[in-house]
Each structure stands twice: as C-alpha cells, then as structure tokens.
Amino acid sequence: MRRSFLIKSVAVGAAVALALTGCSNDREGTSSGDSGSGDAKGFAKDGLIGVALPSKTSENWVLAGDLFTNGLKEAGFKSDVQYAGASTTVADQQAQITAMVTKGAKVIVIGATDAAQLSTQVAAAHQAGAKVIAYDRLITNTPDVDYYIAFDNFKVGQMQGQALLDGMKAKKPTGPWTVELFSGSPDDNNAGVFFNGAMDVLKPAIDKGDVVVGSGQKDVKQTAIQGWKAEGAQSRMDSLLNSTYNGGKTLDGVLSPNDTLARAIITSVKGAGKPIPVVTGQDSEVESVKSIMAGEQYSTINKDTRKLVAETITMVKSLQAGTEPQVNDTKSYNNGSKVVPAYLLPPVIVTKATAAEAYANDPKLSALTK
Ligand code: BGC
C-alpha cells in the first residue's frame with residue numbers, strides 16, 4: 001500500500017510540477033539554493049566518486065558505466081564504477097556501496113537495484129560525509145539521499161500510453177482496440193511510475209470501452225516482469241496468446257515499458273504466427289531502433305544517456321567546488337522520508353516517422369535511420 005501511495009504521489013507531483021514550470025529542461029527560474037542537503041564544503045579535485053549501477057538489464061546501463069568511467073576521469077576525479085551482478089543484485093549493490101564508503105568516496109551515484117533496500121548503506125555514506133545522488137531511479141524510505149537526477153519518468157509513461165493509442169488508431173481508425181499491458185520490475189521504483197504515467201492516458205479510454213484489456217489483467221502486480229527479464233516477458237506473452245488469444249481474437253496493441261521487453265513480446269507473437277500488434281518501448285536500444293525502422297516495434301523513448309551522465313558529472317563538480325548543484329524540481333519527489341531535490345530532463349518519443357530527427361545528434365543511432 002505504502003509503495004503504491006508513494007509512487008502515485010511521486011508521479012502526480014511530478015506531473016503537476018512540470019505543468020507549472022512548463023518545461024522540465026528550462027533552468028531559468030529554478031531553485032538551486034534551498035535543496036536542504038546541508039552545508040556544501042567541497043573536497044579535493046581528484047576525490048573518489050563511486051558509481052553503483054544495477055545489473056545490465058538494458059543497454060543504457062552499459063553505456064552509463066562507460067560514460068561515467070571516462071567522464072569522471074576527464075574531469076580529474078578518481079572513480080569506482082560497479083554493477084550489481086545478474087542474480088544477487090541487492091546484496092551485491094549493498095556491498096559495493098559499503099566498499100565505496102570505506103574507500104572514502106566523496107560522492108556516491110546510485111542507480112538503485114531495489115529502491116527500498118539501501119537505507120543502511122546510504123546512512124553510512126552520510127555518516128562518512130559523502131553525498132548521495134540517486135541516478136535515474138529514486139531511492140525510497142530514507143532521508144539519506146541528497147539529489148535525484150533522471151529523465152521525467154512519469155512523462156515517459158504518458159508518452160508510451162499515447163503512442164499505443166496513436167499507433168492503434170493509425171492501423172485501425174475505429175475501436176474498440178484490444179490490448180495487453182506489461183510493466184517493469186516491482187523492485188525498481190521507476191516501474192510503477194512508468195505504469196502510472198501510461199494509465200493516466202489509457203484509463204479514460206479503458207473506462208469508455210474504447211480500449212479493452214483482453215486478459216483483464218490491468219493491475220501493476222499482474223503485469224510486472226521481475227528483474228526486467230526478457231524471458232519473463234516472453235513467457236507471459238506466450239501464455240496470454242495461448243489463453244486469451246487462442247480462439248482467434250485480435251490483439252491490437254501491447255504496452256511495453258522498455259525495448260528489451262518489447263522485443264521479447266514481438267518474438268513471442270511472431271513465434272505464435274500472429275500479426276505483430278502495436279508495441280511500445282523505451283531506451284532507444286540499437287535492436288529496437290532497427291525493429292522500428294523495419295516496421296515491427298512501433299515506438300521507443302529517447303532518454304539520452306550521454307546527457308544524463310554529463311548532467312550528473314556537472315552535479316559532482318558543483319559538490320567538489322562546495323556549491324549547491326542546480327536542480328529544477330524541489331517539490332515532487334517525496335521518497336517517503338523527504339522531498340528529494342531533483343534535476344529532470346525531458347524524454348522524447350520516437351516512432352519510424354520521427355526517428356531521423358530524434359537521433360540527429362546521435363551518430364550511432366542516426367546511422368540506423370538512413
Ligand atoms: C530505466 C529504464 C530501463 C529499465 C530496465 C529503468 O529504471 O529507467 O530506462 O529500461 O530500468 O533496465
């Protein structure tokens with residue numbers, strides 16, 4: 001109960017704050033002095049920066065690790081970049097953060113593997129005088145997190161919900177449309193935020209009867225894929241096809257929270273010899289961009305990891321200099337224990353029609369759109 005309340009308040013608060021500021025990327029008029037993280041005293045220019053990332057459940061995490069290693073070095077810092085393992089993720093990450101504290105890290109950047117399981121480790125970090133930045137995923141139920149930096153993840157969900165509706169309408173102009181819903185790993189705070197954002201757009205259509213969830217599985221718990229695992233999504237899709245859709249009912253669309261799961265869902269549908277429905281995604285993974293250009297996956301989201309890492313390093317530099325990092329949201333991200341000052345970047349929806357423009361500044365992805 002507590003978790004769903006928390007996610008809802010975080011998500012709704014974020015939406016309200018963004019509506020008020022108009023644009024999450026607009027730094028003007030932002031508040032940077034009242035973040036409440038205490039006196040910033042700065043530290044040595046070559047101080048150690050710890051970066052604890054989750055397991056490599058999507059390409060963005062792999063890219064982030066490389067960018068942090070290179071970017072922190074370039075900025076003159078020492079760095080310790082770690083990933084949680086593939087199975088014992090929580091214990092791994094807890095141990096990695098503890099080791100960073102022991103080694104004297106000045107700032108610890110954390111992409112939480114389980115949002116609610118790090119309070120002891122971040123308390124120890126604070127005790128030792130380190131600052132804690134939650135990266136991409138909020139850390140919950142602890143006062144010991146200083147800043148949150150991410151793309152606006154509620155907006156990501158809203159964009160996914162809207163893309164699903166748009167894609168289905170483009171294929172079949174009048175409803176009702178039959179869909180299935182998937183969500184991410186329940187231990188990742190973002191999973192509920194994405195789902196709530198999508199439902200913010202889809203629920204009115206579901207309530208009106210324009211969109212029908214074929215299986216009736218509309219709850220985030222029924223739709224969750226533990227560990228963001230492709231095989232989990234593929235097997236849930238297999239069983240939906242073998243039950244709800246084995247009598248010839250048409251599946252028009254699937255809400256998928258990210259690209260890894262989207263491709264697994266498409267593999268399942270193809271394996272069953274059925275036409276590919278409209279499938280959403282997120283992360284702009286290479287294979288998904290190829291799939292979009294080939295007319296299979298319908299959409300993805302561009303959350304440019306290069307920008308997110310660069311902004312995080314800018315935050316670290318401010319902390320090193322003893323100044324408050326710039327934030328653009330000091331109201332929305334209540335983690336259950338405090339309101340965490342946040343810096344949010346705007347996500348971009350991408351379909352085949354918009355891919356060339358969306359990736360114009362990304363040589364690797366833009367090459368796929370030619
Ligand atoms: C990230 C997504 C990613 C997912 C699985 C989420 O927390 O925000 O970009 O697809 O984790 O790795």
Side-chain angles (χ1 to χ4, degrees), residues 3 7 10-11 14 24 51-65 67 83-87 89-90 93 109-118 133-140 148-160 163 182-198 220 223-233 255-265 279-289 291 297 299-309 311-312 333 335 342-350 365:
R3 174 184 283 277
I7 288 169
V10 163
S24 60
V51 181
L53 297 173
S55 40
K56 298 174 181 174
T57 44
S58 42
E59 259 171 41
N60 52 333
W61 297 114
V62 180
L63 187 57
L67 291 167
Y83 286 95
S87 50
T89 53
V90 177
Q93 189 165 62
V109 176
I110 303 173
T113 213
D114 183 328
Q117 303 287 334
L118 295 176
I133 300 176
Y135 172 88
D136 186 71
R137 300 172 170 180
L138 190 59
I139 300 170
T140 58
Y148 176 46
I149 181 158
F151 281 89
D152 178 354
N153 287 316
F154 188 75
K155 182 95 197 149
V156 167
Q158 288 178 312
M159 288 175 158
Q160 291 172 330
F182 282 68
S183 59
S185 191
D187 49 9
D188 174 2
N189 190 60
N190 283 351
V193 179
F194 298 142
F195 193 74
N196 287 341
V220 69
T223 60
I225 301 299
Q226 187 65 43
W228 291 97
K229 293 224 159 66
E231 52 272 32
L255 176 77
S256 166
N258 83 354
D259 286 351
T260 306
L261 305 194
R263 295 195 304 277
I265 289 161
V279 182
T280 62
Q282 161 174 214
D283 294 333
S284 296
E285 296 200 338
V286 168
E287 289 309 316
S288 281
V289 174
S291 171
Q297 187 174 323
S299 64
T300 185
I301 303 272
N302 194 15
K303 300 197 302 184
D304 192 334
T305 305
R306 298 169 307 169
K307 282 193 192 151
L308 194 58
V309 170
E311 291 293 351
T312 309
Y333 289 87
N335 75 345
Y343 185 71
L344 297 185
L345 291 161
V348 176
I349 184 77
V350 185
L365 295 179

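Numbers for residues simply follow the sequence, beginning at 1. Counting starts at 1 for both ligands and their atoms, in listed order.
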S.K.: Does D114 reach the side chain of Q93, with side-chain heavy atoms less than 4.5 Å apart?
M.R.: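 Not touching, per the 4.5 Å side-chain cut-off.
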
S.K.: Using modelled atom types only, decide if a donor and an acceptor are shared between the side chain of S55 and the backbone of T57 within a distance under 3.5 Å.
M.R.: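 Not a single qualifying donor-acceptor pair exists.
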
S.K.: D188 heavy atoms, cut-off 4.0 Å: which ligand 1 atoms fall inside?
M.R.: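 The atoms of ligand 1 under 4.0 Å from a heavy atom of D188 are 6 (C), 7 (O), 11 (O).
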
S.K.: Number the atoms of ligand 1 from 1 as they appear, then name those within less than 4.0 Å of a heavy atom of T57, with their elements.
M.R.: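 With T57 as reference, the close atoms of ligand 1 come out as 5 (C), 12 (O).
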
S.K.: Pull out every atom of ligand 1 sitting under 4.0 Å from any heavy atom of R137, numbered as shown with elements.
M.R.: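 Ligand 1 atoms under the 4.0 Å threshold to R137: 4 (C), 5 (C), 6 (C), 7 (O), 11 (O), 12 (O).
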
S.K.: State the atoms of ligand 1, each with its element, that fall below the 4.0 Å cut-off from a heavy-atom position in F194.
M.R.: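 That gives atoms 8 (O) of ligand 1.
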
S.K.: Under 4.0 Å from a heavy atom of W61: give me the atoms of ligand 1 that qualify, with their elements.
M.R.: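 Once the distances to W61 are compared, the set is 11 (O), 12 (O).
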
S.K.: If you measure from each non-hydrogen atom of N60 to ligand 1, which part falls under 4.0 Å: side chain, backbone, both or neither?
M.R.: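 N60 to ligand 1: side-chain contact only, backbone stays beyond 4.0 Å.
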
S.K.: For the residue pair P257 and F182, what are the closest heavy atoms and their distance?
M.R.: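 Closest approach of P257 to F182, heavy atoms only: CD-O, 3.4 Å.
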
S.K.: Scan D283, L63, L261 and name whichever one has a side-chain contact (heavy atoms from CB on, under 4.5 Å) with S58.
M.R.: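 Per the side-chain contact (heavy atoms from CB on, under 4.5 Å) rule, the option paired with S58 is D283, out of D283, L63, L261.
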
S.K.: Is there any N or O on N153 that sits under 3.5 Å from an N or O of ligand 1?
M.R.: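 For ligand 1, there is no N or O atom that lies under 3.5 Å from one belonging to N153.
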
S.K.: Could you list the atoms of ligand 1 found under 4.0 angstrom from a heavy atom of D136?
M.R.: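 Taking each heavy atom of D136 in turn, ligand 1 has 1 (C), 6 (C), 7 (O), 8 (O) under 4.0 Å.
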
S.K.: Among E59, Q297, E287, which residue satisfies the side-chain contact (heavy atoms from CB on, under 4.5 Å) criterion with D259?
M.R.: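 Filter result, single survivor: Q297.
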
S.K.: Report yes or no: does D304 contribute a side-chain atom to a donor-acceptor pair with the main-chain N or O of R306 at less than 3.5 Å?
M.R.: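 Yes.
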
S.K.: As a test of understanding, state which of L53, L308, T305 forms a side-chain contact (heavy atoms from CB on, under 4.5 Å) with N60.
M.R.: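 Only one option passes, and that is T305.
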
S.K.: Just which atoms of ligand 1 are under 4.0 Å from any heavy atom in D283?
M.R.: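 Contacts of ligand 1 toward D283, numbered from 1: 2 (C), 3 (C), 9 (O), 10 (O).
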
S.K.: In ligand 1, which numbered atoms sit nearer than 4.0 Å to a non-hydrogen atom of K303?
M.R.: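 That gives atoms 1 (C), 2 (C), 8 (O), 9 (O) of ligand 1.
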
